[in-house]
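Structure first, then comments.
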Amino acid sequence: MWIPGTGLHGTSWAPQTGHFVGRYRCLTVDLRGAGSTGPLDALTVADLAADVAGWMDAADVGPAVVVGLSLGSAVAQELALARPDLVRALGLVATWSSTAREHHIRRHFESRLYALEKGPLDVFAQFAFWMSAPAVVDREPDLQARVEALLAEHTSRNPEGTAAHFRADLAHETRDRLGTLTCPTLVVHGDQDLITLPWYNRDVAAAIPGARLETIADAGHLSWLERPAELNALLEPFIVEHSA
């Protein structure tokens, strides 16, 4: 089960699902507000996790290896906390645990939400490059162009839904509950992630008993697009071990 990030469609996981689909049943989801319908007022990460749980129950999926990216990683945390019966193992890519206590990411979400609601969409889109690794922006312009094209291709065209996602991001809080998780967990982040900062990921890994932490070099918040082979190589043994 692959859960995408803020304002993204499930198809954004294509570099990973394309790699694993020949051997595993790979399911992606469009979260409420980015393809799936439902009330957006006061939407929370727990609401999104309940949606995913409902889809998994309806499809008779679970327990499964659940991999989440950014907002999707927050949803995966809440899913594992609320419905441990559905989560065989947990993969958290570019994650964090407490927007209220992690002020850099709080200000990122606030500024992105402000730009989305107050300015033209093209102005909002201009600031997406902050999600890229500085090394990619500076040294690999062709890769950066491909990443930006892929990101645009898989981004929802529903600004109200994306705004609801940012509000859910702003309310995300699991820090003091992560210690109750018992499923095997892998945390992966780019070493140049300017959004879910490296120490946010380290804190999540430290809070979950037995969690493993891995870092991808020269990758930012978009590691799954910037360095798909490296991410897949880290996910591969984890998925193999826990898909029996």
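In what follows, every heavy atom counts, from backbone to side chain, and hydrogens, waters and symmetry copies are set aside.
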Can you name the nearest heavy-atom pair linking [X] to [Y], along with the distance?
X	Y	value
Cys183	Ala89	CB-CA, 4.4 Å
Ser70	Gly5	CB-CA, 4.4 Å
Leu86	Val66	O-CG2, 4.4 Å
Ala94	Ser73	O-OG, 3.7 Å
Pro134	Gln192	CD-OE1, 3.1 Å
His165	Gly7	ND1-N, 2.9 Å

Give a yes or no answer on whether the side chain of [X] reaches the backbone of [Y] with a donor-acceptor pair at less than 3.5 Å.
X	Y	value
Ser12	Leu8	no
Asn201	Thr196	yes
His19	Ala229	no
Glu226	Ala133	yes
Arg227	Asp218	yes
Ser243	Val240	no
Asp30	Gly10	yes

Does the pair [X]/[Y] count as a salt bridge with the N-to-O cut at 4.0 Å?
X	Y	answer
Asp57	Arg83	yes
Glu102	Arg106	no
Glu153	Arg146	no
Arg88	Glu241	no

Flag the pair [X] / [Y] as yes when at least one side-chain heavy-atom distance between them is below 4.5 Å, and no otherwise.
X	Y	result
Thr185	Arg212	no
Pro184	Phe238	yes
Thr37	Arg32	no
Gln16	Pro228	yes
Ile3	Val67	no
Leu31	Asp51	no
Pro159	Leu121	yes
Leu27	Arg25	yes

Side chain to side chain contact (heavy atoms under 4.5 Å, CB included) evaluation trace for Tyr200 with Thr95 = CA-CA 7 Å; Tyr200 297 169; Thr95 196; over 6 Å; no
Do [X] and [Y] meet the criterion of a side-chain donor-acceptor pair at a distance under 3.5 Å?
X	Y	value
His189	Ser223	no
Gln144	Glu148	yes
Ser97	Asp203	no
His172	Thr99	no

Out of curiosity, [X] [atom1] to [Y] [atom2], how far, rounded to the nearest 0.5 Å?
X	Y	atom1	atom2	answer
Asp41	Asp47	CG	CG	11.0 Å
Leu81	Leu178	CG	CG	6.0 Å
Tyr114	Leu116	OH	CG	12.5 Å
Ile195	Met131	CD1	CE	7.0 Å
Glu230	Glu214	CD	CD	12.5 Å
Ile105	Asp193	CD1	CG	8.0 Å

Do [X] and [Y] share a hydrophobic cluster (ILVMFWY, side-chain heavy atoms under 4.5 Å, transitive)?
X	Y	result
Trp2	Val61	no
Leu234	Met1	no
Trp199	Val93	yes
Val45	Met56	yes
Leu69	Val29	no

Worked verdict on Leu186 versus Leu92 for side chain to side chain contact (heavy atoms under 4.5 Å, CB included) | CA-CA 6 Å; Leu186 172 66; Leu92 305 174; over 6 Å; no
Go through Phe20 and Trp13 one step at a time and tell me if the ring-ring contact (aromatic ring centres under 6.0 Å, His included) criterion holds.
-> CA-CA 11 Å; Phe20 290 106; Trp13 278 115; over 10 Å; no
Leu213 pairs by side-chain contact (heavy atoms from CB on, under 4.5 Å) with which of Ile208, Val187, Val188, Val204?
->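 Only one option passes, and that is Val187.
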[X] atom [atom1], over 12 foreign heavy atoms within 6.0 Å:
X	atom1	answer
Arg177	CZ	yes
Arg23	CZ	yes
Trp55	CH2	yes

Assess whether side chain to side chain contact (heavy atoms under 4.5 Å, CB included) is satisfied between Leu197 and His104, documenting all intermediate values.
-> CA-CA 8 Å; Leu197 299 174; His104 186 278; 3.8 Å; yes
What's the verdict on side chain to side chain contact (heavy atoms under 4.5 Å, CB included) for Ile216 and Asp191, showing C-alpha distance, side-chain angles and the deciding distance?
-> CA-CA 6 Å; Ile216 300 175; Asp191 67 345; over 6 Å; no
Going by the angle between their ring planes, with limits at 30° and 60°, are Trp96 and Phe109 parallel, tilted or perpendicular?
-> tilted
